[in-house]
Asks: 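Structure below; questions to follow.
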Amino acid sequence: MGEYCPSPQGDSALAAPPLTLPSSSPATAVRPSYGSCDRSYVKQVFDNLHGSISVDPLALQFVDTEEFQRLRDLKQLGLTYLVYPGAVHTRFEHSLGVYSLAGKAINNLKTYQGVELGIDPVDMQTVKLAGLLHDIGHGPFSHLFEHEFLPRVDPGSSWSHEKMSVLLLDSIVDKHAIDIENDYLKMVKDMITASSDPASTTSAKEKHFLYDIVANGRNGIDVDKFDYIGRDCRACGLGCNFQYWRLMEGMRVMGDEICYPAKDYLSIHKLFSTRADLHRTVYTHAKVKAVELMLVDALVEANDYLGISLHAHDPEDFWKLDDTIIKTIETAPNNELKKAKEIIQRIRRRELYKLFELQFCNQYSVPKDKLEHFKNITAQDIVCSQKSSEVLLKEEDVAVCNVKIDLTRGKYNPLESIKFFMDFGCDEKFPIIDDRVSHLLPAYNEDRIVRVYAKNPELVDVVSEAFENLQMRMYGEKTQVHETPKKKKIRSN
């Protein structure tokens, strides 16, 4: 695999020796030797979050494929830009950012523990490639495709963007004849699926810590979060006081596990609490979810004609799906897509300070003592709670959104699965209990929020009343703290 050649240029050290080196002209180009530090084979890309990113030759081979370039047409936050106008960044820059941070993380470990851990150029290259390619399997509008659309058209499906990333990676290597050994390719794929399928890393007899850098299935601290939290906060104009570089500088492998200085406990808590705040205020914003529900209805209507869900199982077809599918629906010459086109037109005619077509009625937070046995509320539950007979609700009149917000481990504190050390002269690792640090930290780590929407503005009052009846039946009281203002109810009638 070649010799490791350190570079004096700081971040250019991220351009670790490639597994193979591309040739721009197969017939005439001279391939440099393994371990070459010739910067003529390295591409510099400037990122507005991380600054200059050095992309090594092997990574460039993947970046220059149409499958990876497709990420330019996938917005990182889907339809969030309709509420936060600045949230128009894409999976493309996020992937480059994770590639950069993965390189910095493994480079830090090599600098301080390289001999002890046996980190070699292969390890450095595979970790960086995993960071670069971890999101190539995302569908249109990112998580909306995976968590909202596919469950509607293919209930019970085990599809995930991590699994599709692995399939696409195999397809890219075969289609573009990228020269990478199968063993190293498998390492990259296992690193991509490490968080969603921890069993995939059990085959790693040693250097298990490598699989915790990009997608950490053990405790949730990974460079993927480092990038998207900072990038999303900046795009949405939100403050972010979490400093990822502090954790990257302090990380240390002990017993094949990445551990952190005990003094960084609160910094790690900020990582998870900032992520939870983003879920509450951005990712699951009431109006964002309203528009997402509308778009899902449009995609479901168009599915039979366009075969959208069928493409999700074939990587050769899947990579052609991106956010431009909206235009595909709008320009389709088939009358069967009339309803889907109407929904998209309503989304396009939005006015952010007036009502969305899907009218938000109200929401409630599930009481803490009811979380253990909580089951998602459905439109049928709302309809069955109606007492008034003046207007009879139907399930198609109501949309329900069940939101789960946690610190990555449901009701459990993710910091309980993290190991710490006292200082760099200490060889003992240990967990830390919250109350030994601060009594101001949350006693519970999960929220469940139920939102109800009326698809017809004229039914807002009726749906709201049924929703309140449901709360009284389930909890003996109204637990909602937010509902549609009366002036909006009046305006909608």
Side-chain angles (χ1 to χ4, degrees), residues 143 147-148 151 195 217-221 225 265-266 268-290 292-293 360-388 393 395 398-418 431-454 460-485:
H143 291 287
H147 298 303
E148 303 291 345
S195 63
R218 284 203 272 197
N219 57 43
I221 303 179
K225 286 185 181 64
Y265 185 92
L266 292 178
I268 294 176
H269 192 275
K270 284 182 182 178
L271 165 69
F272 295 116
S273 61
T274 302
R275 174 186 175 275
D277 286 342
L278 280 170
H279 273 272
R280 183 181 300 275
T281 60
V282 178
Y283 308 152
T284 64
H285 188 285
K287 287 187 171 65
V288 171
K289 297 306 295 184
E292 286 183 352
L293 290 170
F360 173 59
C361 289
N362 48 30
Q363 70 178 38
Y364 75 83
S365 183
V366 178
K368 184 168 61 176
D369 61 340
K370 304 294 183 181
L371 283 171
E372 188 73 28
H373 305 289
F374 173 76
K375 293 183 179 179
N376 283 349
I377 303 301
T378 66
Q380 184 180 30
D381 294 327
I382 305 298
V383 172
C384 292
S385 299
Q386 184 184 11
K387 294 181 179 180
S388 173
L393 288 176
E395 288 186 39
V398 182
V400 180
C401 179
N402 294 275
V403 177
K404 177 183 177 182
I405 301 173
D406 59 28
L407 300 182
T408 72
R409 288 292 183 271
K411 66 179 181 179
Y412 301 104
N413 182 358
L415 280 87
E416 294 176 352
S417 59
I418 299 170
I432 296 179
I433 301 175
D434 269 354
D435 59 12
R436 293 185 180 179
V437 179
S438 171
H439 296 298
L440 296 178
L441 296 176
Y444 214 79
N445 303 286
E446 179 185 25
D447 274 343
R448 292 274 190 167
I449 299 172
V450 180
R451 295 195 184 108
V452 62
Y453 300 83
V460 169
D461 283 331
V462 180
V463 173
S464 294
E465 182 182 357
F467 189 49
E468 291 172 359
N469 293 337
L470 174 68
Q471 296 171 57
M472 292 296 295
R473 178 167 58 85
M474 293 178 64
Y475 310 120
E477 62 179 345
K478 297 179 183 178
T479 61
Q480 67 196 43
V481 295
H482 187 286
E483 62 179 324
T484 301

Asks: Determine whether T378 and V383 satisfy the following criterion, side chain to side chain contact (heavy atoms under 4.5 Å, CB included), listing intermediate values before the conclusion.
Replies: CA-CA 9 Å; T378 66; V383 172; over 6 Å; no

Asks: Below 30° counts as parallel, above 60° as perpendicular, anything between as tilted: where do the rings of Y364 and Y475 land?
Replies: perpendicular

Asks: Which atoms form the tightest heavy-atom contact between S385 and A466, and what is the distance?
Replies: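 Smallest interatomic distance, heavy atoms only, reads CB-O, 3.3 Å.
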
Asks: Using modelled atom types only, decide if a donor and an acceptor are shared between the side chain of N402 and the backbone of I377 within a distance under 3.5 Å.
Replies: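 Yes; at least one donor-acceptor contact below 3.5 Å.
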
Asks: Would you please test F374 and N376 for side chain to side chain contact (heavy atoms under 4.5 Å, CB included) and show each step?
Replies: CA-CA 7 Å; F374 173 76; N376 283 349; 3.7 Å; yes

Asks: Can you name the nearest heavy-atom pair linking A290 to Y453, along with the distance?
Replies: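 Where A290 meets Y453 most closely, the heavy atoms are CB-CE2, 3.6 Å.
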
Asks: Does a salt bridge link E465 with K387, judged by any charged N lying under 4.0 Å from a carboxylate O?
Replies: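 Salt bridge absent between E465 and K387.
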
Asks: I need the N413 CG to I432 CD1 distance, nearest 0.5 Å.
Replies: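 Interatomic distance, N413 CG to I432 CD1, rounded to 0.5 Å: 11.0 Å.
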
Asks: Would you find more than 12 non-hydrogen atoms of other residues, nucleotides or ligands less than 6.0 Å from K404 atom NZ?
Replies: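 Yes, enclosed.
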
Asks: What distance separates M474 CE from K370 NZ, expressed to the nearest 0.5 Å?
Replies: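 These two atoms lie 8.5 Å from each other.
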
Asks: Indicate the ring-plane relationship of H143 and H147, choosing parallel, tilted or perpendicular according to the 30° and 60° boundaries.
Replies: parallel

Asks: Got a donor-acceptor contact below 3.5 angstrom from the E148 side chain to the E292 backbone?
Replies: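 The answer is no, because no donor-acceptor pair under 3.5 Å joins these two groups.
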
Asks: If I compare all heavy atoms of R409 with all of G220, which pair ends up nearest, and what's the gap?
Replies: NH2-N, 3.5 Å

Asks: Can you tell me how far apart NZ (K270) and CD1 (I268) are? Round to the nearest 0.5 Å.
Replies: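 It is 12.0 Å, given to the nearest 0.5 Å.
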
Asks: Within a strict 4.5 Å, meaning less than it, do heavy atoms of the L407 and Y412 side chains meet?
Replies: no

Asks: Output the distance between atom CZ (R473) and atom CG (L470), rounded to the nearest 0.5 Å.
Replies: 5.0 Å

Asks: Would you check, one step at a time, whether the test side chain to side chain contact (heavy atoms under 4.5 Å, CB included) holds for Q363 with V403?
Replies: CA-CA 10 Å; Q363 70 178 38; V403 177; over 6 Å; no

Asks: Mind listing the closest non-hydrogen atom pair of V463 and V452 along with its distance?
Replies: CG1-CG2, 3.5 Å

Asks: Going by an N to O cut-off under 4.0 Å, is there a salt bridge joining D406 and R275?
Replies: yes

Asks: Rounded to the nearest 0.5 Å, what separates atom CG in L293 from atom CZ in R451?
Replies: 10.0 Å

Asks: Atom CD of residue position Q380 - does it have more than 12 heavy atoms of other residues, nucleotides or ligands inside 6.0 Å?
Replies: no

Asks: So which atom in V400 and which in V450 form the shortest heavy-atom distance, rounded to 0.1 Å?
Replies: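 Closest pair (atom of V400, atom of V450, distance): CG1-CG1, 4.0 Å.
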
Asks: Rounded to the nearest 0.5 Å, how far apart are CG of L371 and CG of D447?
Replies: 7.5 Å

Asks: Quick one: are L266 and L441 in side-chain contact, heavy atoms under 4.5 Å?
Replies: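 Yes - at least one pair of side-chain heavy atoms lies under 4.5 Å apart.
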
Asks: Verify the distance criterion only: is there a donor paired with an acceptor across the side chains of D277 and T274 at less than 3.5 Å?
Replies: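 Judged by distance alone, the side chains do not pair up.
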
Asks: Could you report the tightest heavy-atom contact between S417 and N219, atom names first, then the distance?
Replies: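 Result for this residue pair: OG-CB, 3.4 Å.
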
